[in-house]
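Below is one structure, written out as structure tokens; the observations come after it.
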Amino acid sequence: MSKLIIEGGSKLKGEIDVQGAKNSALPVLAATLLGNDISVIHNCPKLSDVDAAVRILEHLGCRIQREQDTLVVDARNVDGFTIPESLMREMRSSIVFLGAIISRMKKAVLSTPGGCELGPRPIDLHLDALKKLGVLIEDEHGFLRCQVKDKIRGTKISLSFPSVGATENILLACVLGEGTTTIYNAAQEPEIVDLANYLNRRGANINGAGKSVITVTGVSSLHQAEHWVIPDRIVATTYLCGSVITGGEVCVHKVNTGDLQGVLTVLEQTGAQIRQGNDFVLLKMEGRPCAVKTIRTMPYPGFPTDAQAPVMAALSIAQGTSIFVENIFESRYKHSVELNRMGADIKLEGKVAVCTGVPKLTGATVHAEDLRGGAALVLAGLNAQGITIVKNIYHIDRGYEKIEADFGNLGAHISRVDE
Ligand code: UD1
């Protein structure tokens, strides 16, 4: 087990290139299953979640080569249709493979993902939508057996919540189906647009991705294509929060600034000076940040749930009180307990967190409980007086390629120690 040791107090300064988006790479990798050919996916981050996706693809019969951040997926000999429980448990997002496996193999067997560190993760929207497309699904004691009798048939699907995962599964299931599928109240996240762009590049016919109504007209086959995964907007947010919490000056490069507006609106309210171009954001912070009145997590283009923990860390040293309302996941405040151990003042009441800023945090030994919460603890350590030890960092490794190297390059004193 590894841990991160951080000696706080250095102001971050410098420039950094942002890695490819995990939440885009995973559905795009699932989509490589849809063609009887070879896909070349660039800007694929080196993460344990991506490794898990690779193991699933290999289990299904793909041959995969990695060269730096490029994955070459040969899906010509796919013959598997099951995902072992161990792989499903390793990565909750494995459910995004369901639509792709059904599309390719006309059947799929996998275990339901169950709960996770963020609370219950239901998949009823995924399953209801697939049933509407003509998939027969039996749910036996947590095992899903899915089968398409004839063909996936296009239909109208109205989601009661714009679920990212359900929208992805519908797209993956119906691009090679018969007729037209219309998704109402679809998720509008940039990662949905990235998936649709990749599929369209391969010959799919998807319109409206990024808007709340998406139409998909089925095509008979997809062809080979190269794809560049979009930059990770949450990793970019984390580094910008590093600038806020240390009173630093950090420029993140290779980002899509359009995707970051929900976060930048909030970070501007902290009093940070922000300059942005098409593919960079420079954030300079002098002194302590100002509190932000209310931050509500919302589906895109609202403030992302994934940014809640890093921004909470940054505002734990703000002047004044900030209120967070977590609307997406039930158990997404575990980091607040650890932040309080470092001297923060955060009180929880259901989905509301009241964060009263303190002048400075204090180093402590803390435990990452989930991916973004873990990143928040690293941010807190950058500010804290003394030494912070962050344990359970396998959570952080699911989403950050090299968090200690990146913060180290920006001037932080941070190292990884294998226990
Ligand atoms: C969510 C985030 C996404 C983020 C990802 C990783 C939103 C809307 N989605 O995507 O931005 O990148 O986590 O942290 O912020 N739900 C159901 N039934 C379902 C599916 C979902 O009730 O079948 C509920 C969930 O319990 C949750 C909400 O819908 O409350 C959002 O879920 P969804 O968007 O599907 O989650 P992810 O795809 O994991």
Side-chain angles (χ1 to χ4, degrees), residues 20-28 30 45 47 49-50 52-53 88 91-99 112-132 135 137 139 144 157-173 183 185-195 210 212 229-238 259-260 262-263 295-311 324-335 350-351 369-376 395-396 398-400:
K22 167 178 87 77
N23 291 338
S24 219
L26 299 177
V28 164
L47 301 169
D49 266 13
V50 172
M88 283 304 291
M91 183 178 64
R92 190 261 165 199
S93 342
S94 309
I95 194 66
V96 81
F97 280 83
L98 178 58
T112 51
C116 77
E117 52 285 350
L118 306 183
R121 303 289 288 260
I123 53 165
D124 53 312
L125 300 175
H126 304 232
L127 301 186
D128 289 349
L130 292 173
K131 283 178 190 163
K132 283 201 88 174
V135 183
I137 302 179
D139 186 349
L144 296 173
I157 298 172
S158 187
L159 293 173
S160 57
F161 183 90
S163 156
V164 175
T167 303
E168 289 164 349
N169 257 329
I170 298 168
L171 289 178
L172 291 165
I183 314 171
N185 200 23
Q188 301 176 42
E189 268 69 358
E191 293 76 20
I192 299 286
V193 178
D194 199 31
L195 175 63
S212 69
V229 170
I230 57 168
D232 197 309
R233 59 198 169 102
I234 307 302
V235 170
T237 299
T238 306
D259 300 347
L260 286 166
V263 165
I295 299 168
R296 292 185 176 82
T297 64
M298 304 280 261
Y300 189 85
F303 183 87
T305 176
D306 281 352
Q308 179 253 104
V311 170
F324 288 81
V325 185
E326 173 55 62
N327 290 310
I328 309 295
F329 292 115
E330 268 178 35
S331 306
R332 208 159 193 184
Y333 284 138
K334 289 180 182 156
H335 48 278
K351 61 181 190 172
E369 301 280 354
D370 61 66
L371 164 55
R372 308 301 170 188
H395 286 297
I396 300 174
R398 286 184 41 230
Y400 296 83

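Order of listing sets the numbers, starting from 1, for every ligand and every atom in it.
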Output the list of atoms in ligand 1 that are nearer than 4.0 Å to some heavy atom of Asn23, sorted by atom number.
6 (C), 12 (O)
What is the distance from atom CG of Leu125 to atom OG of Ser160, rounded to the nearest 0.5 Å?
4.5 Å
What's the separation between atom NZ in Lys22 and atom CZ in Arg398, rounded to the nearest 0.5 Å?
5.0 Å
Answer with yes or no whether the side chains of Asn169 and His126 bring together a donor and an acceptor at under 3.5 Å.
yes
If the threshold is 4.0 Å, N to carboxylate O, is there a salt bridge linking Lys131 and Asp124?
no
If hydrogens are left out, which of Tyr300, Phe303, Phe161 has an atom nearest to atom 31 (C) of ligand 1, that is, the closest non-hydrogen atom?
Phe161
Roughly how far, to the nearest 0.5 Å, is the CD1 atom of Ile234 from the CG atom of Asn23?
7.5 Å
Would you check whether Ala166 has a nitrogen or oxygen atom less than 3.5 angstrom from a nitrogen or oxygen atom of ligand 1?
no
Side chains of Gln188 and Ser212: do they bring a donor and an acceptor to under 3.5 Å?
no
Report yes if some N/O of Arg233 lies less than 3.5 Å from some N/O of ligand 1; otherwise report no.
no
Nearest 0.5 Å please: distance from the CD1 atom of Ile95 over to the CG atom of Leu127.
6.5 Å
Would you mind telling me if ligand 1 is within reach of the side chain of Leu125, the backbone, both or neither, using heavy atoms under 4.0 Å?
both
Out of Thr167, Thr305, Leu371, whose heavy atom is nearest to atom 2 (C) of ligand 1?
Thr305
Here the atoms of ligand 1 under 4.0 Å from any heavy atom belonging to Pro122 are 17 (C), 18 (N), 19 (C), 20 (C), 21 (C), 22 (O), 23 (O), 26 (O)
d(Phe324 CZ, Thr297 OG1) to nearest 0.5 Å is 10.0 Å
Is there at least one pair of N or O atoms, one from Pro299 and one from ligand 1, spaced under 3.5 Å apart?
no
Quick one: does ligand 1 sit under 4.0 Å from the side chain of Glu189, the backbone, both or neither, non-hydrogen atoms only?
side chain
Part of Asp124 within contact of ligand 1 (heavy atoms, under 4.0 Å):
both
Please indicate whether any nitrogen or oxygen in Gly165 is less than 3.5 Å from any nitrogen or oxygen in ligand 1.
yes
If you look at every heavy atom in Tyr400 and Arg372, which pair is closest and at what distance?
OH-NH1, 3.3 Å
Backbone, side chain, both or neither: what part of Ile328 comes under 4.0 angstrom of ligand 1, heavy atoms only?
both
Go through Glu191 and Arg233 one step at a time and tell me if the salt bridge (charged side-chain N to carboxylate O under 4.0 Å, His left out) criterion holds.
CA-CA 10 Å; Glu191 293 76 20; Arg233 59 198 169 102; 2.9 Å; yes
Tell me which part of Phe329 gets within contact of ligand 1: side chain, backbone, both or neither, using heavy atoms under 4.0 Å.
side chain
Near Ile123 (heavy-atom distance under 4.0 Å), the atoms of ligand 1 are 19 (C), 23 (O)
Looking only at distance, does Ser163 have an N or O less than 3.5 Å from an N or O of ligand 1?
yes
